[in-house]
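So the structure is just underneath, and the comments pick up after that.
Hydrogens, waters and symmetry mates are skipped; everything else that's a heavy atom, side chains included, is used. Sequential numbering from 1 along the given sequence is applied to the chain's residues.
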Amino acid sequence: MSVIKNSGLISVGTLLSKIFGFLREVVMALVFGASRLTDAYLVAQVVPSLLFSLVGNSLSTIIVPLITEYEQTKGRNYALAFANAITTIVLLITILLTIIGIIVTSWLIALIAPGFEEEAKELACRLSRIMFPMIIFWGFAGIATGLLHSQKRFFYPAFMGLPFNIVIISSVLILGRRWGIEGLAWGTVAAVAAQWLFQVLDVRKCGYHFRVLLKHPGINQVGKLILPVLIGSGAAQLGIVVDRILASGLVEGSIAALNFASRLNELALGLFSTAVASALYPELAQKATGGERESFRRLLANSLLGLTWLMVPMAVGIIVLREPLVRLAFERGAFDARATELTAYALFFFALGIPATALRDIVVRGFYAVQDTMTPMWIGIATVGANIALNIILVRYLALGGLALGTSGAVTIGFIILLWCLRRKLGHLNGQLLIRDGGKILVASALMGVIATKLASWVLTRFGDIPSIIAVATVGCLIYFLSCRLLNIGIYLAVVNRMKALTLKMR
C-alpha cells in the first residue's frame, strides 16, 4: 500500500511538473521556435547534462540503498555522516569539472555539432560556458533527492520540477525577450539551483546539517557501486551526443524538433513510470536488505505488469493523435506548421519505445536494490552501442525519424536483455503471468488503436484539435477497458476491485 500511496503522491507532483514543463516548452517554442537559436541552446546543454548524469543521477541512485543499509545496521548518525562526506566530495568534484568544462568548451562543441555553421558554433560555446555551473547544483539536488527518498519522504523531490519550470518560463519571458537566448541560459542555471534549494528545508528536517567531511568508511562502498552507474549513465548520454552530432547535419530545426517530440514522449513516462519507479525503489531496497526475496519478486512482477497495462495503450494513443497533440501543444508564435510536421514525425518513432523505457526503469531499480550495478552497466553500454549503430543506419533513410526509431529500438532490446538477466538472478519473476497478461494487453491495445485511428481520421477533418483529442481518447479508453474485461486481464480486474472497495469504504 505504501508503494501505491507514494506513487500517487509522486504522480501528482510529476503531473504538475509536467504541466509546467509543457508551458516551458510552449513558451520556448513561442519565443524561439524550432530555429538555429533553439538548436544552439540544446547543443550547449549536452555537455553539462552529460556531467549531470554522471554526478546527480548516479548519486541519487546509489545513496538510497546505502543510507537504508547504514541506518538499519550502524545507526542514523553514521548514515548522516556518510551523507556529509558524499556532499563534500561532490562539491569538490563538480567545481573542478565546471572549471575544466569552461576551458575546453570550444573543442567540445566542435565535436558535438560538426554540422553547425561557425556562427551557430560560437553561440553554442557562449551558452555552454554560461550553463556549466549547473552541474554543481545538480550534484547537490541529486544528493538531496537520494537522502529524502531513503527516508521515504517523496513530496519535495516529486514537486521540485515546479520551481525549475517556473524559473525557466520566467527567464524566457523576461530575460529571453531582453537578452535573447543568453538570457535563457542564465535562467537555466538559476532553475537548477532552485531545484536544490526547494529540497533543503525538508533535508534539514531529516536531521541533516552539512559539515565538511572528507573521510568515511562508506565512501569505499560508494566507489565500488558508483563506477558502473557512472559508466552506464555516461554511455546513455553518449547516445544523446551522437544524436546531436547526426542531427546537426540535418535541416535547420531538426534538433529542436527532436527535443520537443522527446518532451511530449516524456510526459507519458513521467506521469506513471517515474512515479512508480521512485516510490518502488526504497521498498525494493528494504526487502532486499531484509532478505525478503519472495516479496521482492512479487512486488517487482506486479509493478511490471501494472506499468505494461498503462503504458502500452498510452503509446498507441500518442501515435494515433501525434499531429493534433503537437499542434495543440506548440504551434503558435515562432513554431509554425513545418515545425509541427517535423516534431510529429519524430514523436511517432519515439512513442514506439514508451513501454520498454518505462519497464526498463523498474528492472534497473531492481538490480540497484540488490546492489548489483555491474549488470545494468554492461547492458547499458551494449544498448548505447546498438542505439548508435541503429541511428547511423536509420538516419540515412528516415532523417530525424531514424534517430528517434534508433532510440526506441535500442531501449527495447536493452529492456529484454535486462529482464532476462534479472530473472536468472532472482530465479523467477512469475514469467507465465507476465507473458499471458502482457499478450492480452497487446491485443486489447491493438484493437483500441485500429478503432481510434479510424475515428481520428473522421473527426479531425470535421472538428478542431481539442474536441477530436477528447473524442478519440474517450472512445479509445472505453474500447480498451471493455477489451480488458472480455480478455479477463488480471491487473484490470484487480484495479476495478480496488476501486469498488474504496467506493464502499467512502460510503
Between the side chains of E341 and Y345, does any donor sit under 3.5 Å from an acceptor?
no
Would you say L478 and V475 make side-chain contact, with heavy atoms under 4.5 Å?
no
Closest approach of V411 to R360 (non-hydrogen atoms, all atoms of both residues)
CG2-NH1, 3.7 Å
If I compare all heavy atoms of T38 with all of A256, which pair ends up nearest, and what's the gap?
CG2-CB, 3.8 Å
Just to verify, which of L394, I388, L403 counts as forming a side chain to side chain contact (heavy atoms under 4.5 Å, CB included) with L246?
L403
With rounding to the nearest 0.5 Å, note down the distance linking CG in L398 to CD1 in I393.
11.5 Å
Do the side chains of I381 and W378 get nearer than 4.5 Å, heavy atoms only?
yes
Going by atom types alone, do S262 and N259 pair a side-chain donor with an acceptor below 3.5 Å?
no
Within a strict 4.5 Å, meaning less than it, do heavy atoms of the F367 and M374 side chains meet?
no
Do V312 and I354 come within less than 4.5 Å of each other through their side chains, counting heavy atoms only?
no
Minimum heavy-atom distance between P376 and V364, given as atom pair plus value
CB-CG1, 4.5 Å
Give the C-alpha distance, both sets of side-chain angles, the deciding distance and a yes or no for side chain to side chain contact (heavy atoms under 4.5 Å, CB included) between K425 and D372.
CA-CA 10 Å; K425 189 177 189 69; D372 176 3; 3.3 Å; yes
Distance-minimising heavy-atom pair for S254 and D39
N-OD2, 4.2 Å
Can you see which heavy atom on L390 is nearest to which on A410, and at what distance?
CD1-N, 3.9 Å
Answer yes or no: is there a donor N or O on one side and an acceptor on the other, between the side chain of D437 and the main chain of G490, under 3.5 Å?
yes
Between CH2 on residue W309 and OH on residue Y480, distance to nearest 0.5 Å
6.5 Å
Verdict with reasoning, I489 to I441, per side chain to side chain contact (heavy atoms under 4.5 Å, CB included)
CA-CA 7 Å; I489 296 175; I441 289 169; 4.0 Å; yes
Please check if the side chain of S457 supplies one atom and the backbone of K454 the other of a donor-acceptor pair under 3.5 Å.
yes
Main-chain N/O of L405 paired to S408 side chain as donor or acceptor, under 3.5 Å
no
Using the benzene-type ring in the case of Trp, are the ring centres of Y156 and F198 under 6.0 Å apart?
yes
With a 4.5 Å cut-off on side-chain heavy atoms, are V443 and S483 touching?
no
What is the minimum heavy-atom distance between M448 and G317, and which atoms define it?
CE-N, 4.2 Å
Can you label the angle between the F330 ring and the F335 ring as parallel, tilted or perpendicular, going by 30° and 60°?
tilted
Will you find, in the side chains of T145 and Q199, an N or O donor that is under 3.5 Å from an N or O acceptor?
yes
So with a 6.0 Å cut-off around CZ of R424, is the heavy-atom count from everything else above 12?
no
Could you check whether any side-chain N or O of N165 sits under 3.5 Å from a backbone N or O of G161, counting only pairs where one atom can act as donor and the other as acceptor?
yes
CZ of R332: more than 12 outside heavy atoms within 6.0 angstrom?
yes
Do I362 and L307 have side chains that approach each other closer than 4.5 Å (heavy atoms only, starting at C-beta)?
yes
Return the CG to OG1 distance between L418 and T383, rounded to the nearest 0.5 Å.
6.5 Å
Can you tell me how far CD1 of I255 sits from CG of L342, rounded to the nearest 0.5 angstrom?
12.5 Å
Step by step, work out the side chain to side chain contact (heavy atoms under 4.5 Å, CB included) result for F164 and W196.
CA-CA 9 Å; F164 175 83; W196 166 57; over 6 Å; no
Pairwise distance CZ(R322) to CZ(R327) - rounded to 0.5 angstrom
11.0 Å
Partner of V172 under side chain to side chain contact (heavy atoms under 4.5 Å, CB included), picked from E25, R24, M28, is M28
Roughly how far, to the nearest 0.5 Å, is CG of L250 from CG of L258?
8.0 Å
Ion pair E294/R297, N-O distance below 4.0 Å:
yes
Criterion side-chain hydrogen bond (donor to acceptor under 3.5 Å, both in side chains) on D465 and S468, from CA distance to verdict:
CA-CA 5 Å; D465 288 334; S468 297; 5.7 Å; no
Using a 6.0 Å cut-off, check whether atom CZ of R462 has over 12 heavy atoms from anything other than its own residue.
yes
Are any non-hydrogen side-chain atoms of Q45 and L42 less than 4.5 angstrom apart?
yes
Side chain to side chain contact (heavy atoms under 4.5 Å, CB included), that's the test. Do I181 and R36 meet it? Break it down for me.
CA-CA 11 Å; I181 200 73; R36 175 182 58 84; over 6 Å; no
Would you indicate whether the side-chain heavy atoms of Q195 and W138 approach each other to under 4.5 Å?
yes
